[in-house]
Amino acid sequence: MSDAAKATSTLAQFLTNPGPEHLEAINRVISYLYHTRFLALTYRPRRSDDDEAVTLFSDASFADNPDRKSSEGYICTIFGGPVDWRAGKQRTVTTSTTEAELLAISEAARTMSMWKRLFEAIRFDPKHELAIRCDNQQTIRLLIKEAPQLRTKLRHVDIHHHWLRQEVQAGRILIRWTETKNMAADGLTKLLPRQKHTEFIQLMGMEDIGNLLD
């Protein structure tokens, strides 16, 4: 499930040589999944014209791994419930939060392109433009301003940056800012304390349906 994606992604890095601490962490994840087994993905119709049917959030946590690679994640929701998500570690080391966010948005943008093609194939019209939501204003400014401002010696970051700018400037990808407290992908990039994790679950539209199963 999406609420355990970050934990399972982190543990998956130690599949080939797990130690006692990893086995203990696995047991904690299993215990969590058991105690939250009645959490269900919920989907609801749009309440108003401002309530978007499809939302996609992208986030990154800069250099948070021991090898200094950043964590990234995205989540796509349809009618309030998650249908697609990813929590993982970026393949290369970046030198700033902005670079990490750019790589994360690039991954989310490719996912958005896939969903657009699917919607066209099944003739589903969400009634609004699809946009990627990001909580880093500096990254958004780099993509929407006419003159590029990013200077990096990392070739892969530069390529992703120019591709994203090309798509944003052409209007094929929309980037919108969202407050960090409303960033639904936050729990896919970092392990959250209990209260923040509860808020993360609510942002994903997950509800306890245990009372319906009695």
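FYI, the numbering just counts along the sequence from 1.
- To the nearest 0.5 Å, atom CD of residue Glu101 and atom CG of residue Leu164 are 12.0 Å apart.
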Side-chain polar contacts of residues 186-198 - donor-acceptor pairs under 3.5 angstrom, sequence neighbours left out - could you list them?
unit_1: Asp186; atom_1: OD1; unit_2: Lys190; atom_2: NZ; d: 2.6
unit_1: Thr189; atom_1: OG1; unit_2: Asp186; atom_2: O; d: 3.0
unit_1: His197; atom_1: NE2; unit_2: Tyr32; atom_2: OH; d: 2.9
unit_1: Thr198; atom_1: OG1; unit_2: Arg194; atom_2: O; d: 3.0

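- Atoms OG and CG, on Ser31 and Leu33 in that order, are 9.0 Å from each other to the nearest 0.5 Å.
- Note that CG of Leu203 is 12.5 Å distant from CG of Asp3, once rounded to the nearest 0.5 Å.
- The two residues Ala60 and Ala100 make their nearest non-hydrogen contact at CB-O, 3.7 Å.
- For Glu129, the salt bridge (charged side-chain N to carboxylate O under 4.0 Å, His left out) criterion is met by no residue, not counting sequence neighbours.
- Residues Val29 and Tyr34 are not in side-chain contact: their nearest non-hydrogen atoms beyond the backbone lie 4.5 Å or more apart.
- The shortest non-hydrogen separation linking Val93 to Asp67 is CG2-O, 3.8 Å.
- Judged purely by atom type and a 3.5 angstrom limit, Gln169 uses its side chain to pair as donor or acceptor with the backbone of Ile144.
- In this structure Ala40 satisfies the side chain to side chain contact (heavy atoms under 4.5 Å, CB included) test together with Ile209, sequence neighbours excluded.
- For Asn182, the side chain to side chain donor-acceptor pair (under 3.5 Å) test picks out no residue, with sequence neighbours left out.
- Taking CZ of Phe57 as the reference point, atom CD1 of Ile75 lies at 8.5 Å (rounded to 0.5 Å).
- Residues Cys134 and Ile105 come closest through the heavy atom pair SG-CD1, 3.9 Å.
- The two residues Gly73 and Ala185 make their nearest non-hydrogen contact at O-CB, 4.0 Å.
- Looking only at side-chain heavy atoms (C-beta outward), Leu143 and Leu102 come within less than 4.5 Å of each other.
- Judged as a side chain to side chain contact (heavy atoms under 4.5 Å, CB included), and not counting sequence neighbours, the contacts of Gln137 are Arg141, Trp177.
- In this structure Arg68 satisfies the salt bridge (charged side-chain N to carboxylate O under 4.0 Å, His left out) test with no other residue, sequence neighbours excluded.
- By the 4.0 Å N-to-carboxylate-O rule, Arg176 lies close enough to Glu52 to be salt-bridged with it.
- With respect to Ser61, the side chain to side chain contact (heavy atoms under 4.5 Å, CB included) criterion is satisfied by exactly one of Asp64, Asn65, Asp59: Asp64.
- Put simply, the side chain of Thr95 does not reach to within 4.5 Å of the side chain of Phe62, judged on heavy atoms.
- Proximity of a side-chain donor or acceptor of Thr98 to a complementary backbone N or O of Thr139 within less than 3.5 Å is not detected.
- For Glu207, the side chain to side chain donor-acceptor pair (under 3.5 Å) partners two or more places apart in sequence, or in a different chain, are Arg44.
- Taking CG of Leu142 as the start and CZ of Arg165 as the end, the distance is 8.0 Å to the nearest 0.5 Å.
- Evaluation of the side chain to side chain donor-acceptor pair (under 3.5 Å) test over residues 72-86, restricted to residues two or more places apart or in two chains, returns Thr55-Thr77, Glu72-Arg86, Glu72-Gln90, Tyr74-Thr111, Asp84-Trp115.
- The existence of a salt bridge linking Glu120 and Arg123 is excluded, since no basic side-chain nitrogen approaches an acidic carboxylate oxygen closer than 4.0 Å.
- Both Ile122 and Tyr43 are members of a single hydrophobic cluster when ILVMFWY side chains are connected at heavy-atom separations under 4.5 Å.
- With sequence neighbours left out, Arg172 forms a side chain to side chain donor-acceptor pair (under 3.5 Å) with Glu167.
- Looking only at side-chain heavy atoms (C-beta outward), Ile173 and Ile132 come within less than 4.5 Å of each other.
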Acceptor/donor pairs from residues 7-17 side chains to any protein atom, 3.5 angstrom cut, sequence neighbours excluded:
unit_1: Thr8; atom_1: OG1; unit_2: Ala4; atom_2: O; d: 3.0
unit_1: Thr8; atom_1: OG1; unit_2: Ala5; atom_2: O; d: 3.0
unit_1: Ser9; atom_1: OG; unit_2: Ala87; atom_2: O; d: 2.8
unit_1: Thr10; atom_1: OG1; unit_2: Lys6; atom_2: O; d: 3.0
unit_1: Gln13; atom_1: OE1; unit_2: Lys89; atom_2: NZ; d: 3.3

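- Remark: the backbone N or O of Leu39 is not paired with any side-chain donor or acceptor of Thr36 at under 3.5 angstrom.
- With sequence neighbours left out, Arg117 forms a side chain to side chain contact (heavy atoms under 4.5 Å, CB included) with Ser113, Met114.
- Judged as a side chain to side chain contact (heavy atoms under 4.5 Å, CB included), and not counting sequence neighbours, the contacts of Pro126 are Ala53, Val54, Phe124, His128, Leu130.
- Expressed to the nearest 0.5 Å, how far NZ of Lys116 lies from CE of Met112 amounts to 6.0 Å.
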